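Below is one structure; the comments refer to it alone.
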Amino acid sequence: MKKILLVDGNSLLFRAYYASAYAGSVLKTSSGIPTNAVYSFANMLTSLISERDYFDVKVAFDKSKKTFRHDKLENYKAGRSATPEDLIPQFQIVREFLDSANISWWEKENYEADDLIGTMAKIIESNCEEYEVEILTSDKDMFQLITDKTKILLPKTGTSNLELFGKEELLIKWEVSPENVVDLKGLMGDPSDNLKGVEGVGEKTAIKLLKEFKTIEGIYEQINSIGGKLQEKLINGKESAILCKEIATINCEVEIENLNFESIKLNLSGLVSFLEKYEMISLIKRLSNRVGLINKTEESNTKKIDFKVLNEWDNSLALNDNFIYIESLEENYHKGEILGMAILNENGNFYLENLKDDAELEKFFLNKKFNKLTYDLKRTATLLRNYEIDFAYDSFTYDAMVAAYVLNPNITSRIQNLINIVQTDLFLEEDEIIYGKGAKLNKGIEFEKKAIFTIEKAQIIKETFVPIIEQLKQNNQFNLYQNIEFPLIEVLFEMEEKGILIDKLELDKQTARTLNKIEELEAKMKLILAGDIEENFNFSSPKQIKELLFDQLGLPSNKKQSTDREALEKIIYLHPIVALLLEHRKLTKLYSTYLRGFEKFIFADNKVHTIFNQTLTNTGRLSSSEPNIQNISVKDELQKEARKIFISGNQTKFYSFDYSQIELRVLAQLGQEDTLIEIFKNKRDVHTEAARKIFDLTVDSEVSSEQRRIAKVFNFGIIYGLSDFGLSNDLKISIIEAKNFIKDYYNSFPKLITYKNILIKEASENGYAATYANRRRLVPELASANFLIKNFGNRIAVNMPIQGTAADILKVAMVNIYKSFVIENMKSFMVAQIHDEIIFEIYDEETEKALNIISKNMEKAFKDLSKIIGKKPSEIVVELEVNASKGENWFELK
DNA sequence: GTTGTCACG
DNA sequence: ACGTACGTGACAACG
């Protein structure tokens, strides 16, 4: 007999909620989305499936608030206390969980979960002899569904303690048979559903009556054989009893379409990305193991992919379209090792272990007729170059990683995620499970296993290719992918390859000098604090600093006893040590992150080769790592010294081009705010002019630096989705003053409030925010009942289109400059992008030509963007202004 | 692995 | 009553 589990989703989720809400507080993600009930639900359900060995699992939910039962009884369920606020958003999230794990769930307008489950149980009983049913619910009404083949699993105490009810167990507990459960309910009523039953008849009397007369109808047929008060009560309650029975009766004749049962196969990668998304990290390992157990029974049935192992490539196997995947486990591919390669085409599936010294393979890569479609092209190309395998870059025509990012920037870039971005039946094991991770990472696994895994990865790229392209087109995002993101891969690839030269002497000099300063400063601080601290006091330990300042020295603090810069600045005049601590922070940051910390990133060529992550941010920006060259100090004079270690080559100089106020210009354009557009058109200082508007000053009047500073805070605030609280905090003014300022600001730029409201409305309706180029970001926060989270959603809806459109513009500029450099056969090259700034190394003899190409392309990039995505360039009226500076090192720039 | 802090746009 | 500006990455300390 195969067992099918039917789950009452609402009932289980409620139970999961209360089992995991302690003293009213519940588990939440860092952005405040409550997840406790889903966490517990996922835990309970997977545990149950893995332990009790079910063949298939279906979950049913109540659909709408109103059901056919409400038509019969006006106050049905009216007495029930309100659903906890933190639970409401989790009804949606739990459905997302089931989808990601590939567990099917059902809901139907007008019906409750009971009816769906009852119907399914009946269908199984009458059509499928080889199945039996278990129903997981804490609703005792469901006992009416018990038969020889159907049993109820009732949670007892806690979450893991369950009791199984069949006919016999029911008879022992209630002394009734399943078909009389509704009669019992009709007589007793049920306060939770606001069912009255017969007044004065409780459990004991009801059971006694049913034992004798079997059903409610039976009781009334022989009402005269019952005497006295009870008869009176029954006659008075007749209508109610019959109605309550009717309502308690589960409708087992709901129409359910496409119901079929097959061996359950959980989607591990979908599940893992779900758990990552909602920060349920601790469940990943536990659930992965269970999924392994649950899926195991099926493993032998999964179709094997046929493939051929080749010692050397045979170019006669090559075709026009070849899906390739190169396996390499290092996160930093600049020092990555190639473990093997899969090539899939219509001639078959091929696996190559050794890529070195394979002349045929190199011919394959150099031949432009042979298209290569892959996942993470930048990594692939870098690995090939590191192995000195020549290739024609142009023959790479598709990158599944970047395409998937365009469809959903929120998804972690792992090849396994391609499966859930488009629905497929494919399954791909996690890297960690194949190779282990951390200290247990093992690259030398069995040859066969590794070959299959690599082939499977290429298979995923192949199978998802057409659906992904179709979805891009359907979303109107194909141009963004094809003409911006895809060409950008090559730009970033070359930037990373070129790297940035490091002045090692300068680095060593500064490292020693800074270490010296730190030691001196620590000695000085120890002298001041003599008697207050131990000899081995650690000035870098927030814990020890906290104790010293607030407990020992008794300085005032906030509730959290924070010791960050903002907190320390407040108490700087109360003790001489505080200023020195701030100085210490600056020096140690400089030393450990930008000086000594940089050494490990320097390669044999004396350069750093950063990784520009193209598929990480939610807004479309790039990020940079190992090392991060987008956050090198610039604001503090002392820390800015670190910029001297980045030097240009012998024959080149650095040129930096940065956009002036690009986000505000984007805002002016997209919000159609003419006053703002005019300010930029007249090349005025936007903060000064905003100050004139807010403070109602005349055109040529003097604007104080204080007024300009306030206006500047506003200009930034508007991009972040300003709040009165945030502003009052930043400007150190009262919330009332902040409110008034906001009013003045919006009066000065009235279109901005309209635009803001449109953005929020669109994001709420669509479920995502979008840039001018149709880059999307899902904003589930907007659906939250919690107003803090919802406000966060509002700010995302406003900020993402602005920050993201600016990012889109930068990308267009980079792609176009790169193309021009190639066409003009220039040697000069791009070295870095820092969100609103692009840094180049330019050969002296190319200076004029290069500067011209760069500034022209940057200035027209918004219009170019418009054209690329098929909009009208003429609608872009705001000017983009670019400032350039040069230097032989980064310190000299700007 | 998580937390606190701080660097950038 | 609650308690925030948007987007990142790296480091040291501390469980």
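We use all heavy atoms of the structure for the numbers below, so side chains are in, but hydrogens, waters and symmetry mates are not. The shown structure was predicted, so the numbers you read here are calculated from the model rather than taken from an experiment. Proteins come first, then strands; the chains are lettered A, B, ... in the order of their sequence lines, and each starts at number 1.
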| query | Parallel under 30°, tilted from 30 to 60°, perpendicular over 60°: which one fits the rings of A/His334 and A/His609? | reply | tilted
| request: Can you tell me, in whole Å, how much space there is between the P of B/dG4 and that of C/dG3? | output: 15 Å
| note | Among the nucleotides C/dG7, C/dG9, B/dG9, whichever has the atom closest to the side chain of A/Asp836 is B/dG9
| field | Closest listed nucleotide, where the reference is the side chain of A/Ser625 and the choices are C/dG9, B/dG9, C/dT8 | value | C/dG9
| Within the structure shown, what part of the strands sits under 4.0 Å from A/Ile632 by heavy-atom distance: base, sugar-phosphate, or nothing? | sugar-phosphate
| task | Side chain of A/Asn631 only, please: which of B/dC8, C/dC6, C/dA12 is the nearest? | result | B/dC8
| task | Measure from CD1 on A/Ile611 to P on C/dT8 and round the result to the nearest Å. | result | 18 Å
| remark: With both pairing distances under 3.5 angstrom for Watson-Crick or G-U wobble, and | for a partner in another strand, the correct string for DNA chain C is .....|||||||||.
| message | Of the listed nucleotides (B/dA7, C/dA12, C/dG7), which one gets closest to any side-chain atom of A/Thr617? | response | C/dG7
| Contact under 4.0 Å: A/Ser633 side-chain N or O vs B/dA7 OP1/OP2 | no
| message | Taking only side-chain N and O atoms of A/Arg596, does any of them lie within less than 4.0 angstrom of OP1 or OP2 on C/dA12? | response | yes
| When you measure from the side chain of A/Arg585, which nucleotide among B/dT5, C/dA5, C/dA12 comes out closest? | B/dT5
| message | I'd like to check A/Leu622 versus A/Lys811 (side-chain heavy atoms, cut-off strictly below 4.5 Å). Are they in contact? | response | yes
| Given A/Gln803, which of A/Thr619, A/Thr771, A/Asp808 fulfils the side chain to side chain donor-acceptor pair (under 3.5 Å) condition? | A/Thr619
| Looking for any heavy atom pair under 4.0 Å, which part of the strands does A/Val798 touch: base, sugar-phosphate only, or nothing? | nothing
| request: Please determine, for the side chain of A/Tyr720, which listed nucleotide (C/dA12, C/dC6, C/dG7) has the closest atom? | output: C/dC6
| A/Ile719 near the nucleic acid: base, sugar-phosphate alone, or nothing, with a heavy-atom cut-off under 4.0 Å? | nothing
| If the C1' atom of C/dA1 is compared with that of B/dC6, how far apart are they to the nearest Å? | 31 Å
| remark: Between CG of A/Asn799 and P of B/dG9 the distance, given in whole Å, is 16 Å
| message | Taking any heavy-atom pair under 4.0 Å as a contact, classify A/Lys546: base, sugar-phosphate, or nothing. | response | nothing
| message | Would you call the rings of A/Phe537 and A/Phe539 parallel, tilted or perpendicular, taking 30° and 60° as the class edges? | response | perpendicular
| task | Could you please spell out the steps behind the side-chain contact (heavy atoms from CB on, under 4.5 Å) verdict for A/Phe862 and A/Gln669? | result | CA-CA 10 Å; A/Phe862 206 164; A/Gln669 171 65 42; 3.7 Å; yes
Might you list the N or O atoms of the protein lying below 3.5 Å from N or O atoms in nucleotides 1-4 of chain C, with each pair's distance?
{"from": "C/dT4", "atom 1": "O2", "to": "A/Arg795", "atom 2": "NH1", "distance (Å)": "2.8"}

| query | Given B/dA7, is OP1 or OP2 found less than 4.0 Å from the side-chain N or O atoms of A/Lys640? | reply | no
| query | If we ignore angles and hydrogens, is there a donor and acceptor under 3.5 Å between the side chains of A/Tyr333 and A/Arg379? | reply | no
| task | Would you classify A/Lys790 as touching base, sugar-phosphate or nothing, given that sugar-phosphate means primed atoms plus P, OP1 and OP2, and contacts are heavy atoms under 4.0 Å? | result | nothing
| query | Can a donor-acceptor pair be found between the side chains of A/Thr805 and A/Arg665 at a distance below 3.5 Å? | reply | no
| message | In this structure, how many angstroms lie between the C1' atom of B/dC8 and the CH2 atom of A/Trp890, rounded? | response | 11 Å
| task | Under 4.0 Å between any heavy atoms, over every strand shown, what does A/Thr563 touch: base, sugar-phosphate, or nothing? Just pick one. | result | sugar-phosphate
| note | Rounded to the nearest 0.5 angstrom, the OG-CD1 distance for A/Ser784 and A/Ile88 is 9.0 Å
| field | Touch class at under 4.0 angstrom, heavy-atom based, for A/Glu837 against every strand present | value | nothing
| When we call it a touch if two heavy atoms are under 4.0 Å apart, what does A/Gly717 touch: a base, just sugar-phosphate, or nothing? | base
| said: Rounded to whole Å, how long is the line connecting atom CD of A/Gln639 with atom P of B/dC8? | reply: 7 Å
| said: Between the base of B/dC6 and the side chain of A/Lys589, is there a donor and acceptor pair under 3.5 angstrom? | reply: yes
| query | Looking at the side chain of A/Ser541, which of B/dT5, C/dC14, C/dC6 is the nearest nucleotide? | reply | C/dC14
| field | Any donor-acceptor N or O pair under 3.5 Å, side chains A/Asn715, A/Tyr745 | value | yes
| query | Which whole-number value in Å describes the distance from A/Phe792 CZ to C/dA5 P? | reply | 10 Å
| request: Please determine, for the side chain of A/Tyr594, which listed nucleotide (C/dA10, B/dT5, B/dA7) has the closest atom? | output: B/dA7
| said: I want to verify a distance call: between C/dG15, B/dC8, C/dA10, whose nearest atom is closest to the A/Lys543 side chain? | reply: C/dG15
| request: Flag the pair A/Phe598 / A/Phe646 as yes when their ring centroid distance falls below 6.0 Å, and as no otherwise. | output: yes
| Residues A/Ser273 and A/Asn417: side-chain donor-acceptor under 3.5 angstrom | yes
| remark: Out of C/dG7, B/dC6, B/dC8, minimum distance to the side chain of A/Asp564 belongs to B/dC6
| query | Within the structure, does a side-chain N or O atom of A/Lys894 lie under 4.0 Å from either OP1 or OP2 of B/dG9? | reply | yes
| query | Quick one: do the A/Gln90 and A/Asn36 side chains pair a donor with an acceptor below 3.5 Å? | reply | yes
| task | For the pair A/Tyr278 and A/Phe274, name the ring-plane relationship: parallel under 30°, tilted 30 to 60°, perpendicular over 60°. | result | tilted
| task | Identify whether any heavy atom of A/Asn613 sits under 4.0 Å from a base atom; if not, whether one sits that close to sugar-phosphate; answer base, sugar-phosphate or nothing. | result | nothing
| Contact class for A/Leu616 (heavy atom, under 4.0 Å): base, sugar-phosphate, or nothing? | sugar-phosphate
| message | Could you check whether the side chain of A/Gln803 and the base of C/dC6 have a donor-acceptor pair of N or O atoms closer than 3.5 Å, going by distance alone? | response | yes
| task | Measure from NE2 on A/His584 to P on B/dT5 and round the result to the nearest Å. | result | 15 Å
| query | So, is A/Arg621 close to the C/dC6 phosphate, meaning a side-chain N or O under 4.0 Å from OP1 or OP2? | reply | no
| query | Once you round it to whole Å, what is the distance between P of C/dG7 and CG of A/Leu810? | reply | 18 Å
| said: I need the CG-C1' distance between A/Asp636 and B/dT5, as an integer number of Å. | reply: 15 Å
